[in-house]
Enquirer: 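Once you've had a glance at the structure underneath, I'll fire off some questions.
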Amino acid sequence: MAKTQEFWVKFWGVRGSIACPGPSTVRYGGNTSCLEMRCGDRRLIFDAGTGLRVLDDELRTRVPVDADLFLTHTHFDHICGFPFFSTAFDPRNTYRMWAGHLHPERNLRDLLCALMSDPVFPVPVEIMKADMSFRDFVPGDVLEPHPGIRIRTALLNHPQRAVGYRVEFDGRSICYITDTEHPAEGVDPRIAELVAGADIMVYDAMFTDEEYPARVGWGHSTWSAGMRLAEAAGVKTYVVFHHDPAHDDDQMDRIAAEVAERRPGTVVAREGMVLEP
């Protein structure tokens, strides 16, 4: 199908676990997970790490904002930007919040209320005056937040659960797969099915093969496991993501060179990077 509408992904935060700003991370960035996708005139946001604050600076120039924010899960590095999401305090804006890992034990609104509560944070969620709604789903659901946008979901292998997303729009697809741990052998069949034939796959590649044996069970993967998945599933562009905060720019350069040699066209995520399928 010919490309007829705007469809791209922009990286506002690419790190895992904890933000690591400083002189050794300026080329790849030190903010935790946050992606923006544009599907025609619709804006989708994925995860609310510290990168959300940087995106928020851009959104303040575009009020009124109408957007959907999808969380992979609610570990702190993926939600710590939310209390500082200034455009959510503006009544001119509209946000729909989505999460698929909390039911049946919890729901998204209550969790974010707990995040923004005394004595952890000085103001409650109720201070946010944007038109906000909270939508819980279960992994495997197919979401259609707007006409022409179809989002498939799947359960990931991560402590306390996480959800992967496949956004389909205008005959193209972008997959966002973080945080997840690969199986000991082969590939995760749920993820392989979700990303099959995708134009772009953003994948949790936090560790190197040398680092991984000491971190089995942590719920993260390696760039080589992501490469095997991309090959098995026929992914076109594989994006290495969720970088370990201990990996400085020089190490990320070495990883980028190795993945480019092993699978030409592979991309290592950097803050500010935009990719179009």
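For this chain, numbers begin at 1 and follow the sequence in order.
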Enquirer: Should Asp110 and Arg106 count as an ion pair when the cut-off is N to O under 4.0 Å?
Expert: no
Enquirer: Quick check: are there more than 12 heavy atoms from other residues, nucleotides or ligands sitting under 6.0 Å from CZ of Phe121?
Expert: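 Yes, CZ of Phe121 has more than 12 neighbouring heavy atoms, counting only those of other groups under 6.0 Å.
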Enquirer: Find the distance between CZ (Phe169) and CZ (Arg150) and round it off to the nearest 0.5 Å.
Expert: 14.5 Å
Enquirer: May I ask you to check whether Phe70 and Tyr176 place their ring centres under 6.0 Å from each other?
Expert: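 Ring centres of Phe70 and Tyr176 not closer than 6.0 Å.
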Enquirer: With a 3.5 Å cut-off and no angle check, do the side chains of Thr153 and Asp141 form a donor-acceptor pair?
Expert: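 Looking only at side-chain atoms, Asp141 and Thr153 do not form any donor-acceptor pair under 3.5 Å.
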Enquirer: Please report the shortest heavy-atom distance between Tyr28 and Asp253, naming the atom on each side.
Expert: OH-OD1, 2.7 Å
Enquirer: Distance to the ring centre below 6.0 angstrom and angle to the axis at most 45 degrees; does that hold for Arg172 and Phe7?
Expert: no
Enquirer: Would you please classify the geometry between the Phe82 ring and the Phe85 ring as parallel, tilted or perpendicular, with 30° and 60° separating the classes?
Expert: tilted
Enquirer: Nearest 0.5 angstrom please: Ile45 CD1 to Asp68 CG, how far?
Expert: 8.5 Å
Enquirer: Can you tell me which residue among His220, His101, His75 is in a side-chain hydrogen bond (donor to acceptor under 3.5 Å, both in side chains) with His158?
Expert: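 So, applying the side-chain hydrogen bond (donor to acceptor under 3.5 Å, both in side chains) to His158 and each of His220, His101, His75, only His75 qualifies.
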Enquirer: Are Arg215 and Glu211 within salt-bridge range, i.e. N to O under 4.0 Å?
Expert: no
Enquirer: Taking everything shown except Arg166 itself, do over 12 heavy atoms lie less than 6.0 Å from its CZ?
Expert: yes
Enquirer: With rounding to the nearest 0.5 angstrom, report the CG to CG distance, Leu112 to Asn107.
Expert: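 With rounding to 0.5 Å, CG (Leu112) is 9.5 Å from CG (Asn107).
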Enquirer: Would you check if Glu126 and Met128 make a side-chain contact, meaning some heavy-atom pair closer than 4.5 Å?
Expert: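 No - every pair of side-chain heavy atoms lies 4.5 Å or more apart.
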Enquirer: Check whether any side-chain heavy atom of Trp12 lies under 4.5 Å from a side-chain heavy atom of Asn31, and answer yes or no.
Expert: no
Enquirer: Please check if atom CZ in Arg270 has more than 12 non-hydrogen atoms from other residues, nucleotides or ligands closer than 6.0 Å.
Expert: yes
Enquirer: Decide, yes or no, whether a salt bridge links Arg135 with Glu144 under the criterion of side-chain N to carboxylate O below 4.0 Å.
Expert: no
Enquirer: Can you confirm whether Val202 sits close enough to Cys175 that some side-chain heavy atom of one is under 4.5 Å from a side-chain heavy atom of the other?
Expert: no
Enquirer: Are the charged groups of Asp66 and Arg42 less than 4.0 angstrom apart, N to O?
Expert: yes
Enquirer: Would you say that Pro277 contacts Ile174 through its side chain, given a criterion of any heavy-atom pair below 4.5 Å between the two side chains?
Expert: yes
Enquirer: Report, as yes or no, whether the 6.0 Å neighbourhood of atom CD1 on Ile18 holds more than 12 heavy atoms from other residues, nucleotides or ligands.
Expert: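 At most 12 heavy atoms, drawn from other residues, nucleotides or ligands, come within 6.0 Å of this atom.
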Enquirer: Give the ring-plane orientation class for Tyr212 versus Phe207, where under 30° counts as parallel, over 60° as perpendicular and anything between as tilted.
Expert: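 Aromatic pair Tyr212/Phe207 classed tilted.
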Enquirer: Decide if atom CD of Glu105 counts as having more than 12 heavy atoms of other residues, nucleotides or ligands within a radius under 6.0 Å.
Expert: yes
